[in-house]
Amino acid sequence: MRSPGHSPTSAELHRRRSAVVARGVSSMIPSYVRTAGGGTMTDVDGREWIDFAAGIAVTNVGNAAPKVVEAVRAQAERFTHTCFMIAPYEPYVEVCERLAELTPGTFEKRSALFNSGAEAVENAVKIARHATGRQAVVVFDHAYHGRTNLTMALTAKVMPYKHGFGPFAGEIYRVPMSYPFRDRRSGADAAAYAIAAIEKHVGADSVAAVLIEPIQGEGGFIVPAEGFLPAIAAWASSAGAVFIADEIQTGFCRTGSWFACQDEGVEPDLITTAKGIAGGLPLAAVTGRAEIMDAVHPGGLGGTYGGNPIACAAALATIETLRELDLAAAARRIAETAVPRLLALAAKYPAIGEVRGRGAMLALELVVPDEIGPLGPVPDPAATAAVARAAHEAGLLLLTCGTYGNVIRLLPPLIITDDELDRGLTLLGQAFAASETTAT
Ligand code: PMP
């Protein structure tokens with residue numbers, strides 16, 4: 001028991017946590033949050049952090065964004081839950097209206113709402129299989145689509161996501177991704193290579209869906225070479241397969257557009273969204289062509305909480321905020337400030353093999369300088385972890401990612417101020433210096 005007025009420290013909370021929270025759920029930093037907002041977070045020990053994580057690309061409008069807070073409060077006062085499958089309500093319908101407007105393509109669309117990204121991906125696959133009467137799902141190297149049984153099978157990386165958790169779902173086929181830093185292929189060549197693999201190993205007329213992240217997230221912020229995405233989408237269309245864009249990490253202005261597909265003029269048949277959609281509340285969606293979505297029989301899709309009214313109210317306030325503050329433009333401005341700073345770091349530290357990304361989804365891939373191995377430039381996960389650790393010690397919330405654990409990623413909230421962004425980038429530079437990564 002704690003005495004009245006005593007606020008537990010992070011160390012105390014960590015002791016309590018260790019006794020009751022499962023070890024499999026780990027945290028990046030040992031500090032416990034008290035408040036977060038703008039581009040910062042304050043922990044219970046009173047320390048301020050610069051936020052380059054946005055809760056993994058969730059709080060694009062910031063944490064505790066005023067309109068979101070007000071919408072959540074007002075909706076909670078009206079009603080918290082009825083279950084849309086029992087007694088429907090307007091905010092659900094309105095979110096689907098917004099999704100129909102905002103997602104690429106002017107064709108008639110339908111949406112279904114869920115709780116998490118993984119649940120949206122699972123449902124997109126269910127819908128594609130039902131609509132096509134086919135079973136095979138094509139996914140890519142380095143893909144990440146979630147941690148449920150089906151989405152683990154769709155996800156590429158074994159450790160930590162799949163290790164010991166099998167057996168996995170069948171009829172999933174993985175093909176090579178365009179990864180310009182490593183495969184050195186043009187978009188057209190990389191697409192031809194992937195398509196040949198699909199045709200040989202799966203067969204065009206067996207493919208229910210081709211599922212792809214327009215820019216891969218957990219797999220390493222891999223931006224496919226220009227032309228790859230449209231070529232894959234065109235092939236899916238010619239094969240009668242459903243082209244599903246997983247925009248769970250890239251969506252809602254993160255890359256400087258509402259959706260990353262738009263940058264290459266791609267109109268997916270189905271698009272999965274979550275994360276940035278609702279300012280931190282759990283909400284996810286599958287949106288797409290009416291004829292595909294409506295192939296499923298009434299009652300075939302749903303769930304107790306999917307499209308919870310508070311989450312829907314938060315989504316509507318989030319979308320309004322993204323529009324009003326033009327946060328797509330803010331994401332592009334973040335890139336304008338950050339990319340030259342990251343390139344300057346790359347000029348200083350030969351371990352930085354590539355600076356890449358789009359908008360406020362930026363990354364540094366770390367390699368062993370001047371060494372080429374079977375994967376191309378030799379990944380350096382140890383240096384990556386050392387930089388991340390040094391950043392955390394300096395008060396910067398910084399994530400890593402990548403199949404090889406060698407990518408540092410920047411995902412600041414889109415409302416981060418110029419000063420906070422500058423401070424965060426300065427801390428990142430200091431983290432490189434402190435981590436003893438060799439400078440030129
Ligand atoms: N797809 C992508 C592209 C993601 O980045 C994520 C989450 N990192 C997911 C799916 C799974 O989302 P969730 O964690 O909400 O289940």
Side-chain angles (χ1 to χ4, degrees), residues 24-28 52-60 103 112-126 128 137-157 160-162 165 169 172 174 177 209-224 229 243-255 259-261 266 268 270-287 303 305-308 311 314-315 318 357-363 397 399-403 405 407 409-411:
V25 185
S26 57
S27 302
M28 186 177 77
F52 272 11
I56 323 186
V58 169
T59 51
N60 293 2
T103 54
L113 304 184
F114 304 98
N115 303 293
S116 67
E119 211 189 335
V121 173
E122 289 245 9
N123 278 279
V125 170
K126 280 168 64 173
V137 180
V138 171
V139 289
F140 290 81
D141 283 341
H142 314 289
Y144 182 90
H145 298 292
R147 294 172 180 267
T148 58
N149 187 261
L150 175 61
T151 57
M152 270 193 296
L154 300 167
T155 289
K157 190 173 174 178
Y161 308 124
K162 300 164 75 161
F165 297 140
I172 312 272
R174 192 170 307 287
M177 176 69 184
V210 177
L211 168 64
I212 190 166
E213 300 153 85
I215 297 177
Q216 288 184 318
E218 306 304 312
F221 278 32
I222 301 165
V223 185
L229 211 54
F243 181 77
I244 308 173
D246 180 346
E247 293 244 17
I248 286 166
Q249 191 152 164
T250 46
F252 292 95
C253 302
R254 174 55 54 189
T255 66
F259 298 97
C261 272
V266 170
L270 299 183
I271 177 166
T272 55
T273 53
K275 290 189 186 280
I277 192 174
L281 274 86
L283 188 73
V286 182
T287 301
Y305 291 115
N308 168 272
T318 298
R358 196 182 296 157
M361 184 171 183
L362 298 169
L397 277 180
L399 307 179
T400 61
C401 63
T403 297
V407 178
R409 56 173 155 170
L410 276 59
L411 283 170

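Both counts, for ligands and for their atoms, begin at 1 and track the order of listing.
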Query raised in the report: Which of the atoms in ligand 1, numbered in the order shown and given with their element, are less than 4.0 Å from a heavy-atom of S116?
Result: 15 (O), 16 (O)
Query - Any donor-acceptor N/O pair, K157 side chain to G402 backbone, under 3.5 Å - result: yes
Query raised in the report: So, for atom 5 (O) of ligand 1, does the protein have a heavy atom nearer than 4.0 Å?
Result: yes
Query raised in the report: Taking all non-hydrogen atoms of both residues, which atom of M361 and which atom of Q216 are closest, and how far apart?
Result: CE-O, 4.0 Å
Report task. For this output row, return yes or no: ring centroids of F114 and Y305 closer than 6.0 angstrom. Result -> no
Requested in this report: Going by heavy-atom distance to atom 16 (O) of ligand 1, choose the closest among A118, G217, A57.
Outcome: A118
Query raised in the report: Do T273 and F259 have side-chain heavy atoms sitting under 4.5 Å apart?
Result: yes
Requested in this report: Find all atoms of ligand 1 within a distance of less than 4.0 Å from any non-hydrogen atom belonging to D246, and give their numbers and elements.
Outcome: 1 (N), 2 (C), 3 (C), 10 (C)
Query raised in the report: Looking only at distance, does G146 have an N or O less than 3.5 Å from an N or O of ligand 1?
Result: no
Query raised in the report: Which is it for Q216 and ligand 1 at heavy atoms under 4.0 Å: side chain, backbone, both or neither?
Result: neither
Query raised in the report: Of the protein's non-hydrogen atoms, which lies at the shortest distance from atom 8 (N) of ligand 1, and what is that distance?
Result: K275 NZ, 3.0 Å
Query raised in the report: Which of the atoms in ligand 1, numbered in the order shown and given with their element, are less than 4.0 Å from a heavy-atom of E213?
Result: 3 (C)
**Report entry** Expected output: side-chain K162 to main-chain T155 donor-acceptor under 3.5 Å
**Finding:** yes
Requested in this report: Answer with side chain, backbone, both or neither: which part of E119 has a heavy atom less than 4.0 angstrom from an atom of ligand 1?
Outcome: neither
Query raised in the report: Would you call Y144 and D246 a side-chain contact if the rule is heavy atoms closer than 4.5 Å?
Result: no
**Report entry** Donor-acceptor contact present, side-chain E247 to main-chain I271, <3.5 Å
**Finding:** no
Query raised in the report: Is E218 paired with R409 through a side-chain N to carboxylate O contact shorter than 4.0 Å?
Result: yes
Query raised in the report: Which residue supplies the protein heavy atom nearest to atom 13 (P) of ligand 1, what is that atom called, and how far is it?
Result: G117 N, 3.4 Å
Query raised in the report: Relative to the heavy atoms of Q249, which atoms of ligand 1 are at a distance of less than 4.0 Å?
Result: 5 (O), 8 (N)
